[in-house]
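What follows is a set of notes on a single structure, which appears directly below.
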Amino acid sequence: MPFDRTNQTHLTALKNEVTQDPLAMGYAAISNVNKLVDLLNSGPGNKGGETIGAPFTPRVIAELMLKYPTRFNPSGQFTQGHLEAVKALLEIAAFTEDDLNWARPGFRALFPSNYTDLLSDLDARTRPLSRAEVLFGAGTQLTVTDWIVARDNG
């Protein structure tokens, strides 16, 4: 449910967030509208502490390969084919530079369940949600216009 400035419920929720400041984020002390919107969009700035799974990126794969090098050696249940799949995924990422979340389930399935160290590490990677994301869904980025419309019509 991304923020929709034509949705009165969204406008009211955003206005209430800022005027009531339920987590004592300090909105009232911010006079610059750009800084207010930046705070609403800041994951690290969110005092609520909510998190979501971190993006699955080539960097995550590289970190796992460096931390658990023996888990990527073809042997037993992790085969040469599995290693080739990891390499292919990295090659795709080199061209798209995208978040690879679409591939996380398949990547995870390459490893046997007894690779608990690597799998737990992968599953434990999170990023903080912003207040905007908590209110309106992961990936939400509010704009100054969103806030002005909510302030004036919420």
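Since the model is a prediction, treat every value here as computed from it, not as a measurement.
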Exercise. Side chain of Gln8, backbone of Asn153: donor and acceptor closer than 3.5 Å?
Worked result: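 A pair under 3.5 Å: yes.
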
Problem set entry | Glu133 side chain vs Ser130 backbone, donor-acceptor pair below 3.5 Å |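 Yes; at least one donor-acceptor contact below 3.5 Å.
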
For this session: Using the six-membered ring wherever Trp is involved, compare the ring planes of Phe56 and Phe107 and label them parallel, tilted or perpendicular (cut-offs 30° and 60°).
Result: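 Aromatic pair Phe56/Phe107 classed tilted.
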
Exercise. Would Tyr115 and Gln77 count as having a side-chain donor-acceptor pair, cut-off 3.5 Å?
Worked result: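 No, no side-chain donor-acceptor contact under 3.5 Å.
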
Given side chains that start at C-beta, do those of [X] and [Y] come closer than 4.5 Å, heavy atoms only?
X      : Y      : value
Pro74  : Leu83  : yes
Glu17  : Pro22  : yes
Leu135 : Thr140 : no

For this session: Given side chain to side chain contact (heavy atoms under 4.5 Å, CB included), test Thr143 with Val37 step by step and report yes or no.
Result: CA-CA 7 Å; Thr143 66; Val37 171; 5.6 Å; no

Problem set entry | Qualifying residues under salt bridge (charged side-chain N to carboxylate O under 4.0 Å, His left out), relative to Lys67, sequence neighbours excluded |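 Counting only residues at least two positions away or on another chain, Lys67 forms a salt bridge (charged side-chain N to carboxylate O under 4.0 Å, His left out) with Asp121.
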
Exercise. For Lys35, which residues count as a salt bridge (charged side-chain N to carboxylate O under 4.0 Å, His left out) partner, sequence neighbours excluded?
Worked result: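 Applying salt bridge (charged side-chain N to carboxylate O under 4.0 Å, His left out) to Lys35 gives none.
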
Problem set entry | Considering all heavy atoms, the nearest Ile52-Ala138 contact |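 In this case the closest contact between Ile52 and Ala138 is CD1-CB, 3.4 Å.
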
Exercise. Pick from Leu64, Asp117, Leu110: which one makes a side-chain contact (heavy atoms from CB on, under 4.5 Å) with Arg71?
Worked result: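 Of Leu64, Asp117, Leu110, side-chain contact (heavy atoms from CB on, under 4.5 Å) with Arg71 is met by Asp117 alone.
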
Problem set entry | Salt-bridge contact Glu91-Lys87 (side-chain N to carboxylate O under 4.0 Å) |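 No.
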
Exercise. Is Glu50 salt-bridged to Arg131, going by a charged N under 4.0 Å from an acidic O?
Worked result: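 Salt bridge between Glu50 and Arg131, a charged N being under 4.0 Å from a carboxylate O: yes.
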
Exercise. What residue pairs, at least two apart or across chains, pass salt bridge (Lys or Arg N to Asp or Glu O under 4.0 Å) with a residue in residues 100-110?
Worked result: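 Matches after skipping sequence neighbours: Arg108-Asp123.
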
